[in-house]
Amino acid sequence: MRNDHAVLYQAAAHCLAYPDAEFHERLPLLTAAAPPALGGFLAHAAATDPRELAAHYVQVFDFKNRHSLYLSWWRDGDTRRRGMSLVRFKEVYRAHGMEFTGEELPDFLPAVLEFSAHAGPLLLDDHRSGLELLRLALSDFGTPYAEVVEAVCATLPGPSPKDRAEALALARSGPPREDVGLEPFALIGERTS
C-alpha cells in the first residue's frame, strides 16, 4: 500500500509522545527528515529546555481529558463501549500483520500514527472527528502541539460535513459518560415523596 504521508505520520508519532531523552536524541534527525508542516513544533522543541518541554507536555495531555491522545475517548468517553473500540483497534493492527504490544492502549495517537506510517490512515480516517476536536482543543489552549495534530488532519480527506457536524456536536456536549450504578438511593427508613 502506498502511503504518501508515512514520514509525517512517523515524525508526528515521535512529536506527540512524551519528550524523554530518546526524543531529544532523535530531534536533529526529526528536524532533518520531517515535512515542513512539523517545522514550527520541532523548532519550538529544539529551543525549549527539555524539563520545560516535559512539564508542558504533562500540563497539556495529562491533566485535561479535552486534550486526550486516546482516540476512542473522543467517541466513547468513559463508557463500556470504549472496551469494544479498543478491541477493534487491536483487530485492525492484527489484520495488517502487526501485533500491538505497547505499554499504552492501542488507541494512543502516537501508536496509531506509527501504524498509519506503515498501513495508511484508515484508523485516522475512522477517528477524524476526534482528531479535529483534539486539534481545536489544542489550538484553543495555545500549545505548539496543535501544529502537530493540524499537520496530521491536513493529510486526511475532508473535512466532510458529517465529520464537521460530529466534531461540533461532540465539542458542544463532550464525550459520552455512563453513570451506571450511581443513581441516587434512599436510605432505609428515609421517606421519599
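Computed over heavy atoms, backbone and side chain alike; hydrogens, waters and symmetry mates excluded. In this text, all values refer to a predicted model and were calculated from it rather than measured experimentally.
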**OP:** Verify side chain to side chain contact (heavy atoms under 4.5 Å, CB included) between Y70 and E104, making sure each step is shown before the conclusion.
**Re:** CA-CA 9 Å; Y70 297 93; E104 290 287 350; 2.2 Å; yes
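- How far OG1 of T155 is from OH of Y9: 2.5 Å, rounded to the nearest 0.5 Å.
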**OP:** Please report the C-alpha distance between L105 and F89 in whole Å, then the side-chain angles of each, then the deciding distance to 0.1 Å, and finally whether the side chain to side chain contact (heavy atoms under 4.5 Å, CB included) criterion is met.
**Re:** CA-CA 9 Å; L105 294 173; F89 274 90; over 6 Å; no
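- Here the CG-NE2 distance, from D49 to H56, works out to 13.5 Å after rounding to the nearest 0.5 Å.
- With hydrophobic clusters built from ILVMFWY side chains whose heavy atoms lie under 4.5 angstrom apart, M98 does not share a cluster with V87.
- Heavy atoms only, all atoms of each residue included: C15 and Y145 are closest at O-CE2, 3.2 Å.
- Applying the salt bridge (Lys or Arg N to Asp or Glu O under 4.0 Å) test to E52 and every residue at least two apart in sequence or in another chain returns nothing.
- Taking each heavy atom of S116 and P121 in turn, the nearest pair found is OG-CA, 4.1 Å.
- The side-chain heavy atoms of H24 and P19, taken from C-beta on, include a pair separated by under 4.5 Å.
- Counting only heavy atoms from C-beta outward, the side chains of D107 and L123 never approach each other to under 4.5 Å.
- Looking at every heavy atom in both residues, P106 comes nearest to L86 through CG-O, 3.7 Å.
- Looking at T48, its side chain never comes within 3.5 Å of a backbone N or O of A45 through a donor-acceptor pair.
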Original post:
Going through the distances and angles, do L156 and L131 end up as a side chain to side chain contact (heavy atoms under 4.5 Å, CB included)?
Top reply: CA-CA 10 Å; L156 302 174; L131 282 170; 3.9 Å; yes
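- In this structure, P110 and A17 approach most closely via the heavy-atom pair CG-N, 3.9 Å.
- The minimum heavy-atom distance between P35 and L8, with the atom names listed, is CG-CB, 3.7 Å.
- At a threshold of 4.5 Å between non-hydrogen side-chain atoms, the residues F108 and L16 do not count as touching.
- Ion pair R135/E132 flagged as a salt bridge, since at least one NZ, NE, NH1 or NH2 atom sits closer than 4.0 Å to an Asp/Glu carboxylate oxygen.
- There is a path of hydrophobic side-chain contacts, each under 4.5 Å, that joins V58 to L53.
- Heavy atoms of other residues, nucleotides or ligands lying less than 6.0 angstrom from CE of M84 number 12 at most.
- With hydrogens and angles disregarded, a donor-acceptor distance shorter than 3.5 Å links the side chain of W74 to the backbone of S68.
- Rounding to the nearest 0.5 angstrom, the gap separating the CD atom in E91 from the CZ atom in F100 is 14.5 Å.
- Between E114 atom CD and H118 atom NE2 the span is 6.5 Å, to the nearest 0.5 Å.
- Shown are H127, R81, R82; of these, the side chain to side chain donor-acceptor pair (under 3.5 Å) with S72 is made only by R82.
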Original post:
What's the verdict on salt bridge (Lys or Arg N to Asp or Glu O under 4.0 Å) for D140 and R66, showing C-alpha distance, side-chain angles and the deciding distance?
Top reply: CA-CA 11 Å; D140 289 347; R66 291 283 179 205; over 6 Å; no
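- Follow the hydrophobic side-chain contacts under 4.5 Å out from L71 and you reach Y18 in the same cluster.
- Rounding to the nearest 0.5 Å places CD of E25 at 11.5 Å from CG of L30.
- Of the inter-residue distances, the one linking L42 atom CG with T31 atom OG1 reads 4.5 Å to the nearest 0.5 angstrom.
- With hydrogens and angles disregarded, a donor-acceptor distance shorter than 3.5 Å links the side chain of E147 to the backbone of F41.
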**OP:** Show your reasoning for whether side chain to side chain contact (heavy atoms under 4.5 Å, CB included) applies to L109 and L134.
**Re:** CA-CA 11 Å; L109 183 53; L134 176 59; 3.9 Å; yes
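- Pairing each heavy atom of H67 with each of F61, the nearest pair is O-CD2, 3.2 Å.
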